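This report refers to the structure that appears directly beneath it.
Small disclaimer: the values here were computed from a predicted structure and weren't measured.
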Amino acid sequence: MQAAADAFLAALWRGIRAKTGLFDVMAFYIRMAPCDELGKSAPADHAYWTDQRWLEKGRNYFVNVPVNQIYPSLGVAAEWYMR
């Protein structure tokens, strides 16, 4: 537990965001589909995602971090499948 806390603190002090992995980007796109599609049945989720600007076209991840160029293409395919 201490090692994990130390690693987390070191990452905060560096001030540089780590690159995202394929799983992270895929999870973002998979979560995006229902939050966008279910706007009427889940208005709070839809409003939150809209307020965060996560539903905007061209958005690749929750925060502005480097993303491998292939991952969004795979994410769009996963989003399409979820819709």
Side-chain angles (χ1 to χ4, degrees):
M1 192 76 129
Q2 186 63 44
D6 291 340
F8 179 71
L9 184 60
L12 288 176
W13 283 108
R14 278 193 306 271
I16 299 171
R17 294 188 174 166
K19 289 184 178 181
T20 58
L22 176 60
F23 178 78
D24 300 321
V25 175
M26 293 294 286
F28 172 74
Y29 279 96
I30 289 170
R31 290 180 192 140
M32 180 191 298
C35 287
D36 191 23
E37 288 286 316
L38 302 175
K40 291 182 181 178
S41 61
D45 289 338
H46 187 268
Y48 182 76
W49 276 67
T50 301
D51 290 345
Q52 297 298 316
R53 297 182 177 169
W54 293 338
L55 297 176
E56 291 180 354
K57 192 168 185 91
R59 189 68 186 237
N60 293 328
Y61 194 60
F62 296 105
V63 293
N64 188 18
V65 293
V67 175
N68 184 319
Q69 296 299 318
I70 296 171
Y71 297 170
S73 300
L74 297 172
V76 167
E79 179 189 0
W80 174 82
Y81 180 76
M82 291 298 293
R83 288 177 188 266

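Sorted by first then second residue, the ring-ring contact (aromatic ring centres under 6.0 Å, His included) pairs that include residues 64-83, not counting sequence neighbours, number zero.
For the atom pair Met32 CE and Phe62 CZ, the distance stands at 8.5 Å (nearest 0.5 Å). Atoms CZ and CE, from Arg31 and Met26 in turn, are 12.0 Å apart once rounded to the nearest 0.5 Å. To the nearest 0.5 Å, atoms CG (Asn60) and CG (Asn68) are separated by 10.5 Å. Here Glu79 contributes atom CD and Ile30 contributes atom CD1; the two are 10.0 Å apart, rounded to the nearest 0.5 Å. To the nearest 0.5 Å, atoms CG (Asp45) and OG1 (Thr50) are separated by 10.5 Å.
The neighbour count for Asn64 CG, taken as heavy atoms of other residues, nucleotides or ligands under 6.0 Å away, does not exceed 12. Within a 6.0 Å sphere centred on CD1 of Ile70, other residues, nucleotides and ligands contribute 12 heavy atoms or fewer.
Linking ILVMFWY residues whenever their side-chain heavy atoms come closer than 4.5 Å, directly or via other members, leaves Phe23 and Leu74 in distinct clusters. When the side chains of ILVMFWY residues are joined at heavy-atom separations under 4.5 Å, either directly or via intervening members, Leu22 and Val63 end up in a single hydrophobic cluster.
In this structure, Phe28 and Trp49 have parallel ring planes: the angle between them is below the 30° cut-off, well short of the 60° mark.
Pairing each heavy atom of Gly75 with each of Tyr29, the nearest pair is O-CB, 3.2 Å. Contact detail for Asp24 and Tyr61: the closest heavy-atom pair is O-CE1, 3.5 Å.
Taking Glu37 as the reference, Arg83 meet the side chain to side chain contact (heavy atoms under 4.5 Å, CB included) condition, with sequence neighbours excluded. Considering only residues two or more places apart in sequence or on other chains, Asp6 meets the side chain to side chain donor-acceptor pair (under 3.5 Å) condition with Gln2.
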